Every structure is written in C-alpha cells, then in structure tokens.
Amino acid sequence: MVRRLAEMSNLYTPWSLRTAVTLGLPDLIAEGPEGVLGVEELAKRSGTDTDALRRLTRHLANLGLFEEVRPDGLRLTELGEALRSTHPARMAHFLDQNDAFIRSNDAVIPAMADSIRTGAAAWGSVFGKDLWGSLAADPELSASFDRTMSQHADILGRRLAGIGEWSSVGSVVDVGGGSGQLLANILREHGHLKGTVVDLPDTVARAAAIFDAAGVSDRAEGVGRSFFEPLPAGADVYLLVHVLHNWPTGEAAKILRNCAEAAGGSGKVFVVDQVIALEGHAAPFISTQRDLCMLAMVGGQERTAEEFEALGEEAGLRLVQVTSLGPDGNSLLEFESRG
Ligand SMILES: C[S@@+](CC[C@H](N)C(=O)[O-])C[C@H]1O[C@@H](n2cnc3c(N)ncnc32)[C@H](O)[C@@H]1O
C-alpha cells in the first residue's frame, strides 16, 4: 500500500519522463544503429554526463520505457516509442521543458492547493495574472501556447473531419479555434465547405500560414475578435472545441449564447470537450485529471453530459446528440436552437 502511494506521489518518475524527452533521448536511441545505442554514445549525442545519464536510463528501464538489449545497449520498448517526437500521440510535445508554455503549465501544478482553497486558477497565484493575460504579455509564450493547441487540434480535427456530418453543411465558424489548424483539417477533407476561425487577434494572425499549408486559403478566413462579442452570423455550424472547459459556468453560457444567436433558428452548435463518465466510452481517469488541469490552469472545468445540457438550456439550445470521439473522453455534443 505504502509502495503504491509512493509510486503515485513521487515526482521523480513523471520528471524522469520529462527529462528524457527534454534531452531528446527517445529520438536519439531510435536513431542509433538498428534502434540501439549505448549509454556512452547517448551521453555524447545528448551532451549529458555518462554516469548521471546511466542512472536516469536505469529508472526509465524500470518504468518499462527502455530495455537493455546487450550490455550497454539501450532500445526503446513499445511504450518508449510513444515518447518519440514523431509519434502520432504527440506525448513528447506535452512533456518537453524546452517549450515555454509546457514549462509554465507544469510550474502551476505545485500551487494546486491555492486552486482548491479558492476555486480559482492557480496560474494567477504563480504568475500574477491569468493565463490569457500572460499570453497577451509574452509573444514567445503565446506562440508556444498556440503550437500546443495546434497539436491537440490536429489530432481532433482529423477525427472530427471523419464523422460524416459535413456533407449537409455549407459553412462553419470555429469559435476560439486558435490558429486554425482544426478548421484547416476539416476543410481539407471536405472540399465544398467554407470556414471562418474566430480567436484573439494575435492568434488568428497565425492562421493564414496554416490555411496556406493545408491548401484551403480560398475557403477559409480568420476573424480576430473576442467570443464575448457578437460572432459572424448566419453560418450552418458553430464549433467550440476545447473552449467551454476553459470557463466557469457564467462565461461558458455566455460564449454558447453568442454562438446560438449567430447561428439563428436553423444553425447548429457543435461542442467538443471531455465529457465526464460518458456511458460506453467512459474515460473517468482522464476526465478527472483534465478537470484538475482546467481548474489550476484557467479556473475552468470538465462537465458531464447533463451539465452540458443545462448550459445549452441557459443559452437557448437543445442538446440533441452526444458522440464519443475516442477513448480519451473527447465527445462531440450537437446542439440546435430551441426555437
Ligand atoms: C484551449 S484553446 C482551444 C483552441 C482550439 N479550439 C483547439 O481545440 O485547439 C482556447 C482558445 O480560446 C481562445 N480564447 C481565449 N479567450 C478568448 C476570447 N475572449 N475570445 C476569443 N478567443 C479566446 C484562445 O486564444 C485559444 O485559442
């Protein structure tokens, strides 16, 4: 029992993974001859101390990430492969301490007790302003935040593009859509669709390059505007992906109401967020962990389907369908006007 508690609470283990990724170890091992590299060579290639590195790699071997295939020959296990920068799960990005946003986000976690006492984001008690204020004040942090969101958006955008709802949709507005990566993925798959991304001006400024790279510039535009202001009206679908969970109930209902008003009687609002304990595809551990992350980072929260339904009602919307987007707890919640 005590051992289990120690494994759950000891910070050296999660930081060993971060350290390995930050030093680029998984990629370096994979690039070795036949995917095997000795510790001495790994130390040379990563600019680290051989003895200290050996001690780190032993712990990582204990965790089942690396294996010693011959004396002084390390190889990635299947689990370790998922820490390579090229792995589709993008885990490496979320651990890499070279990245300004990841570093800041991790620095907030030790102040979680502040959030539990106050119900507000711990980000403010660590950095003296909320996340959005920090991003506005620091272009490097803001670019890094947008890059991190694009990693999520790339994965989710591919899943959303494949759900088959789009053939009857002509236009979509991605509200709080970051630099447009998710919208670009959907437009690329559905050549008839036109799209608009609405986000804060500095973030939307990065969208043109992403639309260009995806070959969808002729059907996509960016609007730099707060989603607490009226939104471009008359589109068929308003998308809110990983937006509502950033906000407490009052603000979340206001964003949803703005979407409902812009959508009018016939438009739809699609929300993508974690849904806590969705039956059939429940991911309670991921949801509860993400819920704490939302609390500490921005004072937001993950919600159950019932809580989303109530939020929709406040905004004049009816929840008509909930579709799981995979085992990570993300779901698509489709709302339409209550008339
Ligand atoms: C968690 S990110 C999600 C981004 C994107 N939808 C995705 O799934 O990757 C939240 C987004 O909300 C944007 N945002 C925050 N406050 C905003 C505001 N007042 N008006 C418009 N966008 C805002 C942020 O810039 C950020 O892009």
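Order of appearance sets the numbers: ligands from 1, and atoms from 1 within every ligand. Just so it is clear, the structure is predicted and the values come from calculations on it, not from any experiment.
The closest side-chain donor-acceptor pair between Asn185 and Gln181 falls under 3.5 angstrom.
Remark: distances from the non-hydrogen atoms of Arg225 to ligand 1 include one below 4.0 Å. Residue contact annotation: His152 has no non-hydrogen atom under 4.0 Å from ligand 1.
Among the atoms of Val241, some N or O lies under 3.5 angstrom from an N or O of ligand 1. Among the atoms of Asp199, some N or O lies under 3.5 angstrom from an N or O of ligand 1.
Heavy-atom neighbours of Glu40 CD from other residues, nucleotides or ligands within 6.0 Å: at or below the threshold of 12.
Residue contact check: Gly178 has heavy atoms under 4.0 Å from atoms 27 (O) of ligand 1. Every atom of ligand 1 is numbered from 1 in the order shown, and the set under 4.0 Å from a heavy atom of Trp247 is 16 (N). Heavy-atom proximity to Phe228, at under 4.0 Å, picks out these atoms of ligand 1: 19 (N). Residue contact check: Ala153 has heavy atoms under 4.0 Å from atoms 9 (O) of ligand 1.
Follow the hydrophobic side-chain contacts under 4.5 Å out from Leu37 and you reach Leu83 in the same cluster. Hydrophobic cluster membership is shared by Phe228 and Val243, with clusters built from Ile, Leu, Val, Met, Phe, Trp and Tyr side chains linked at under 4.5 angstrom.
Below 30°, between 30° and 60°, or above 60°: for His190 and Trp166 the angle between ring planes is between 30° and 60°, a tilted geometry. Between His152 and His242, the ring-plane angle classifies as perpendicular under the 30° and 60° cut-offs.
Residue contacts with ligand 1 for Gln181 are absent, since no atom lies close enough (heavy atoms, distance under 4.0 Å). At a 4.0 Å heavy-atom cut-off, ligand 1 touches Asn246 through the side chain alone.
At the shortest separation from atom 2 (S) of ligand 1 among protein heavy atoms lies Met149 SD, 3.6 Å. Of the protein's heavy atoms, Phe227 CZ, 3.2 Å lies nearest to atom 17 (C) of ligand 1. Counting protein heavy atoms only, atom 4 (C) of ligand 1 is closest to Gly176 O, 3.3 Å. The protein non-hydrogen atom at the shortest distance from atom 19 (N) of ligand 1 is Ser226 OG, 3.1 Å.
Taking every heavy atom of both residues into account, Glu229 and Asn258 meet most closely at O-ND2, 3.3 Å.
Electrostatic pairing of Glu251 and Lys254 does not count as a salt bridge here, judged by no charged N lying under 4.0 Å from a carboxylate O.
Of the residues listed (Leu53, Thr50, Thr48), the one engaging Leu42 in a side chain to side chain contact (heavy atoms under 4.5 Å, CB included) is Leu53, and it is the only one. Considering Asp202, Thr203, Val197, Asp199 in turn, Thr203 is the only one that fulfils the side chain to side chain contact (heavy atoms under 4.5 Å, CB included) rule with Ser179.
If you check each of Gln151, Glu229, His242, Met294 against atom 3 (C) of ligand 1, the one with the closest non-hydrogen atom is His242.
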